[in-house]
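Count residues from 1 along the sequence. Every heavy atom of this structure was used, including side-chain atoms; hydrogens, water molecules and symmetry mates were not.
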Amino acid sequence: MKQQFWRLYKVVRGFLFRIVNKEFLIFCFFLILSGGFWLSMALDETYEREFLVPVSIVKIPDNVLFSSEVDDTVSVMVSDKGFAIMSYMHAKRLQPLELDFSAYANRNKGKWQVSQAELQGLLSRMLLSSSRIKSVSPEKIEYSFSYGTSKNVPVSAEANVSFGKNRYLLETKVVPDTVKVFADKQTLRGMTVVPTEEFDVENLKDSFEITIPLRHSQGVKCIPDTVVVKLKADVLVERSVEVPIRVTGVPAGKLVKLLPEKVKIMFSVGGVHSSAVTPEQFRVVVNYNEIAANPAEPCRLHLQSMPSVVSNATLSETKVTCLFEQQ
């Protein structure tokens, strides 16, 4: 009895599922069919859509200077069936316009111009034959230009650098370190350096490299217009040396004896330069005139010179005892 019940249950369930599945499939078929008809009718309608087309001027002579910024896009309003509009949106039919400088330059008037008819003609070539251009903005492209003179100008890196613990800036390298600058004669005469755009470097511990554009005014062209700035940090170490004290300005027949005769100098130096620093590179002196003016007072020490790679130099003693002797 139980087996007959389960057999009947399976038969009924299979029959119902076949009916439901069949109706569901029919429903899905007609849904897709109606959606296809709707989409076909919708895409068969005429639409207008605005597209942005990148524009660039190519093969510009190095000495040509534009009087204003060159726009890099034009806006074109296109009218066509939905199928065509969809192809422009997804098939990338509207490619960037690359306009040859010499083809549109009037060198005598210093004008570079693409007329409305020329611009629309260039854009129409990228469109389907069924498409119509409703409007283009700007209607034409026009710039004034001039020919500048040139000279090589050094580049300075405008870096705001903070350092890691016990680090300092060992080296700044700019590649290339000079660029060719084109400008009018008056502007060019006053240019002694071309700065990079400012950039920040935080917690510099070892080395850093960045490609950065150059900063210059309108009407000035730099070739190249970007440089590579390389910064290198080094570790600071603490060192000390013992240096003899010299007396300056001693008159003939006079002798001055100092107690002590040497003084220790503590200083900071980069690790790369540490081994090159020697006591002979320091000079500590006392001035005889100061001694003579106050013979009862200790002599004041002066750190007269030290290596350029040294920083934070301090003397272990600031004054010493002076004894006068007659020759």
Return the minimal non-hydrogen interatomic distance between [X] and [Y], and the atom names on each side.
X    : Y    : answer
L65  : G219 : CD1-O, 3.5 Å
G164 : N203 : CA-OD1, 3.1 Å
Y288 : G249 : CB-O, 3.4 Å
P260 : I245 : O-CD1, 3.7 Å

Would one find more than 12 heavy atoms of other residues, nucleotides or ligands at under 6.0 Å from atom [atom1] of [X]?
X    : atom1 : result
Q218 : CD    : yes
K151 : NZ    : yes
E139 : CD    : no
R300 : CZ    : no

Give a yes or no on whether the backbone of [Y] and the side-chain of [X] come within a donor-acceptor separation of less than 3.5 Å.
X    : Y    : answer
K205 : R167 : no
S124 : Q120 : yes
S316 : K264 : yes
R215 : T196 : yes

D184 side, atom CG; R189 side, atom CZ - distance, nearest 0.5 Å: 9.0 Å

What's the spacing between Q281 CD and S305 OG if we round to 0.5 Å? 9.5 Å

ILVMFWY cluster, [X] and [Y] together (side-chain gap under 4.5 Å):
X    : Y    : result
F163 : L170 : no
M77  : L119 : no
Y168 : F208 : no
V241 : V320 : yes
V310 : L301 : yes

Pair [X], [Y]: side-chain N/O donor-acceptor within cut-off below 3.5 Å:
X    : Y    : value
S207 : E209 : no
K111 : S144 : yes
E98  : S56  : no

Walk me through it: do V284 and I265 pass the test side-chain contact (heavy atoms from CB on, under 4.5 Å)? CA-CA 9 Å; V284 179; I265 305 175; 3.7 Å; yes

Let's go through L99 and V58 carefully: what are the C-alpha distance in whole Å and the side-chain angles of both, what is the deciding distance for side-chain contact (heavy atoms from CB on, under 4.5 Å) to 0.1 Å, and is it a yes or a no? CA-CA 6 Å; L99 306 177; V58 298; over 6 Å; no

Report the relative orientation of the aromatic rings in F101 and W112; use parallel for angles under 30°, tilted for 30 to 60°, perpendicular for over 60°. parallel

Does this structure show an ion pair linking E142 with K140, if we count only N-O contacts that are shorter than 4.0 Å? yes

What's the verdict on side-chain hydrogen bond (donor to acceptor under 3.5 Å, both in side chains) for E238 and S268, showing C-alpha distance, side-chain angles and the deciding distance? CA-CA 5 Å; E238 302 298 324; S268 300; 2.9 Å; yes

Taking the side chain as every heavy atom from C-beta outward, state whether F51 and V78 have any atom pair closer than 4.5 Å. yes

Given Q113 and S115, is the side-chain hydrogen bond (donor to acceptor under 3.5 Å, both in side chains) satisfied, shown in steps? CA-CA 6 Å; Q113 179 178 297; S115 67; 5.8 Å; no

Scan V228, V227, N152 and name whichever one has a side chain to side chain contact (heavy atoms under 4.5 Å, CB included) with P176. V227

Answer yes if the ring centres of F282 and F267 are under 6.0 angstrom apart, and no otherwise. yes

Between S162 and E202, does the side-chain hydrogen bond (donor to acceptor under 3.5 Å, both in side chains) criterion hold? Intermediate values first, please. CA-CA 5 Å; S162 64; E202 296 183 356; 5.7 Å; no

